[in-house]
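Numbered from 1 within each chain, the chains take letters A, B, ... in sequence-line order.
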There are 2 protein chains.
Amino acid sequence: MTTASEHRAARPHADPTRARILEAALDLFSERSFEGASTRLIAERAGVPQPLLSYHFGSKDELWKAAVGQVFDELNRAMGGRVEGLRGVDDLTVAKLVVADFVRFSAAHPELHRIITQECKAEGEHLQWLVGHHIRPLYDGAVSMFEPLVAAGLIRDVPAVHLYYLLTGAAATMFVLAPECRLLSGVDPLDPAEVERHVDAVVAMLFAAPGAP
Amino acid sequence: MTTASEHRAARPHADPTRARILEAALDLFSERSFEGASTRLIAERAGVPQPLLSYHFGSKDELWKAAVGQVFDELNRAMGGRVEGLRGVDDLTVAKLVVADFVRFSAAHPELHRIITQECKAEGEHLQWLVGHHIRPLYDGAVSMFEPLVAAGLIRDVPAVHLYYLLTGAAATMFVLAPECRLLSGVDPLDPAEVERHVDAVVAMLFAAPGAP
DNA sequence: GGAGTGTTTTATCAGGCGACCAAGAACAGT
DNA sequence: ACTGTTCTTGGTCGCCTGATAAAACACTCC
């Protein structure tokens, strides 16, 4: 039942293999879908026999939750640390820096948005779980970041929901569809220079002065 | 081998069932993925026995191509008709109207972007086929719409690739993730008033004056 | 150095998958 | 009414899926 939590001294092999499985699972769950990534394929990529997944995570569903939770934890760590280091800076500058870092994170971890766009298209257990455990706090944070700026007239008067999907869509799509982008334009969006170009583009679009159109 | 193409007079029942199958297939392929949508499930939703899919389309793969081709044809008809009716209008106004209509189409047919984000995340047959047969022309059209505007200084100096993914991401994400949006904010993005709000937001962001930052 | 626990492996289960086949039903031209 | 084609149906094949049972191994602690 308790796979690995209490005393760490008693399992030397477990943690490394757990990590390898999680990495392989995240890769495959995000590229193919939940149904499209078989436990055997995940096991093969992780270099372990298939029943090990059941042993460590109980079921395919629990493995999915563990893998997904990992990326969101990384995101929360990255973004949380960013705003922490900006105490006292004015709201607009903070927002610009946060958005810039969010674009960079989306480039470094396209699996995040790949999984979101896979599981949030249709009602279901996965959607409910994702929103309840991981997405809701992020959304609330984004809204409470945007609303003061809109109220102060520093960015356009657009409802926060629209700003949120404008931001996430504009920030992530190019990296989510990186293979398409390469085939279509010859440009590799994961190239650091291209990432910075996209950061600039997103920030410029989102934080345009309100009186421009 | 030839399922249905040459002379249409000889198949009275076929076309309606074909249409029902295609509709069900598009729905399920876009919500669940290609692997996640079984032929039995598609058949059940279409109200036909499962082997009919093999008869009409030969294989699951061919069914997928037919269903996908249908949405892209609709998009091409809609957008093509739009630019046709705007001969003589200045480039900037045309671009704004085309972008607005593209957002509206994305709201009316979220399946389009759902399928794209599903099959273009990883290299494979489906990606190659999609780009070659349907996405490339759209991309070329978008680029040749944006580049004169950038050259004339009417929109920000951002490479066309970035503009393309900024546009498609910002336009479609809210509608692709409509179930998430409802759960997250209580707002139904498919509500016509919300769609128009999103149209305004996307157009305003994309066509902001270049000298605003 | 044997007990006992945590981890890995092998072998196997029932169920769902895509595809196929042969027979039947509905229609067309004559 | 007959005939040939188009369309639909139920039945079934082999394959792959996620999960489990039980045996083999690894390691710590007494």
Length of the line joining B:L28:CG and C:dG18:P, which is rounded to integer Å | 11 Å
Does A:T173 reach the main-chain N or O of A:A170 with its side chain, forming a donor-acceptor pair under 3.5 Å?
-> no
Rounded off to whole Å, could you give me the CZ-to-P distance for the B:F57 and C:dC20 pair?
-> 16 Å
A:R197 and A:D200 ion-paired at < 4.0 Å = no
Mutual orientation of the aromatic rings belonging to B:F146 and B:F207 [parallel < 30°, tilted 30-60°, perpendicular > 60°] | tilted
Give the table of side-chain donor-acceptor pairs shorter than 3.5 Å for residues 25-38 of chain A, with sequence neighbours excluded, one pair per line with atom names and distance.
| residue | atom | partner | partner atom | Å |
| --- | --- | --- | --- | --- |
| A:S30 | OG | A:L26 | O | 3.0 |
| A:S30 | OG | A:D27 | O | 2.9 |
| A:R32 | NE | A:G36 | O | 3.1 |
| A:S33 | OG | A:E35 | N | 3.4 |
| A:S33 | OG | A:E35 | OE1 | 3.4 |
| A:S33 | OG | A:G36 | N | 3.2 |
| A:S33 | OG | B:S33 | OG | 2.9 |
| A:S38 | OG | A:L41 | N | 3.1 |

Of all the heavy-atom pairs spanning A:R136 and B:L184, show the shortest one and how long it is.
-> NH1-O, 3.1 Å
Considering residues, nucleotides and ligands other than B:E196, do more than 12 of their heavy atoms fall under 6.0 Å from its CD?
-> yes
Can you see which heavy atom on B:V150 is nearest to which on B:R156, and at what distance?
-> CG2-O, 3.7 Å
Write down the distance between CG (B:L52) and C1' (C:dC21), rounded to a whole number of angstrom.
-> 14 Å
Between the protein and nucleotides 22-25 of chain C, are there any N/O to N/O pairs under 3.5 Å, and if so, what are the atom names and distances?
none

Phosphate OP1/OP2 of C:dG6: any A:H56 side-chain N/O under 4.0 Å = no
Tabulate atom names and distances for all N/O pairs under 3.5 angstrom spanning the protein and nucleotides 16-22 of chain D.
| residue | atom | partner | partner atom | Å |
| --- | --- | --- | --- | --- |
| D:dT17 | OP1 | A:S38 | OG | 3.3 |
| D:dG18 | OP1 | A:T39 | N | 3.3 |
| D:dG18 | OP1 | A:K60 | NZ | 2.6 |
| D:dG18 | OP2 | A:T39 | N | 2.6 |
| D:dG18 | OP2 | A:T39 | OG1 | 2.7 |
| D:dG18 | N7 | A:R40 | NH1 | 2.7 |
| D:dG18 | O6 | A:R40 | NH2 | 3.1 |
| D:dA19 | OP2 | A:K60 | N | 3.0 |
| D:dA19 | N7 | A:Q50 | NE2 | 3.1 |
| D:dA19 | N6 | A:Q50 | OE1 | 3.1 |

Can we call the ring centroids of B:F175 and B:H198 under 6.0 Å apart?
-> yes
